[in-house]
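Quick caveat: nothing in here was measured; it's all calculated off a predicted structure. Convention: sequence-line order gives letters A, B, ...; per-chain numbering from 1. We use all heavy atoms of the structure for the numbers below, so side chains are in, but hydrogens, waters and symmetry mates are not.
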Amino acid sequence: GAGVSQSPSNKVTEKGKDVELRCDPISGHTALYWYRQSLGQGLEFLIYFQGNSAPDKSGLPSDRFSAERTGGSVSTLTIQRTQQEDSAVYLCASSPQGIQTQYFGPGTRLLVL
Amino acid sequence: DQQVKQNSPSLSVQEGRISILNCDYTNSMFDYFLWYKKYPAEGPTFLISISSIKDKNEDGRFTVFLNKSAKHLSLHIVPSQPGDSAVYFCAASAGSARQLTFGSGTQLTVLP
């Protein structure tokens, strides 16, 4: 079946602009995660959605970052007033109910000039 | 504070030989561990996992070993193939906290 998809695959923006990144999880997966990977670093957890529960936002680096998940499926990560340090690959993952293994999408490469 | 550490940024191995990738962790609450492989411009691909109730898990050419007392896990790939060349990340999760904590990765190069 189809894996996790993300769009856009690449995004170049100017400092101060807002950006929206989209994630379509694997159909039927109840959990959805956002991570980011800065150059030469490991993956850093951002936010986690599980079903209809309140999301775990403990990894969001600042209040410029927010995410929502509509209808328990598609998720959008929004970065307001982007800064150059926001440049990274933003990765989305999903997992089925009760399963700890997470399946990743290809990522969105964000470059803030 | 890096809770999951991969101290070797790179490793080169001859085709057909064993590749051993290492990972150390500091958080004793971690109870589930995973290895992912990542090719350039792609997302991480799940390889193999292990629960803290086990000390070994095997899947084909891939075996993960867990030493809880040393807070150390390793991934063995045997025999190594050129297609295994990629960045390998170890990751861990703790109890009900579903987010994964990742190491910084090891670039494996398998030489033909």
Are there over 12 heavy-atom neighbours, none belonging to A:Glu14, within less than 6.0 Å of that residue's CD?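 Counting other residues, nucleotides and ligands, CD of A:Glu14 stays at 12 neighbours or fewer.
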
Working to the nearest 0.5 angstrom, can you tell me the gap between A:Phe104 CZ and B:Tyr36 OH? 5.0 Å

B:Gln99 CD to A:Leu46 CG distance, which is reported to the nearest 0.5 Å: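 Here the rounded value is 10.5 Å.
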
Non-hydrogen atoms of [X] and [Y] that approach each other most closely:
{"X": "A:Thr101", "Y": "B:Leu34", "result": "CA-CD2, 3.9 Å"}
{"X": "B:Lys38", "Y": "A:Gln37", "result": "CE-OE1, 3.5 Å"}
{"X": "B:Glu42", "Y": "A:Arg109", "result": "N-NH2, 3.6 Å"}

Single-linkage hydrophobic cluster, 4.5 Å side-chain cutoff, [X] and [Y] together:
{"X": "B:Val4", "Y": "B:Phe89", "result": "no"}
{"X": "B:Leu73", "Y": "B:Leu47", "result": "yes"}
{"X": "B:Leu75", "Y": "B:Phe46", "result": "no"}
{"X": "B:Val87", "Y": "A:Val89", "result": "yes"}
{"X": "A:Phe65", "Y": "A:Leu21", "result": "yes"}

Which answer fits [X], side chain, backbone, both or neither, if we ask what part of it has an atom under 4.5 Å from a heavy atom of chain B?
{"X": "A:Gln6", "result": "neither"}
{"X": "A:Glu44", "result": "neither"}
{"X": "A:Leu91", "result": "side chain"}

Side chain, backbone, both or neither: which part of B:Ala91 has a non-hydrogen atom closer than 4.5 Å to chain A?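 Contact with chain A: none, neither part.
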
Applying side chain to side chain donor-acceptor pair (under 3.5 Å), can you list everything that pairs with A:Ser95, at least two apart in sequence or on another chain?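 Applying side chain to side chain donor-acceptor pair (under 3.5 Å) to A:Ser95 gives A:Tyr33, B:Arg98.
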
Contact check, side chains of B:Leu100 and A:Tyr48, non-hydrogen atoms, under 4.5 Å: no

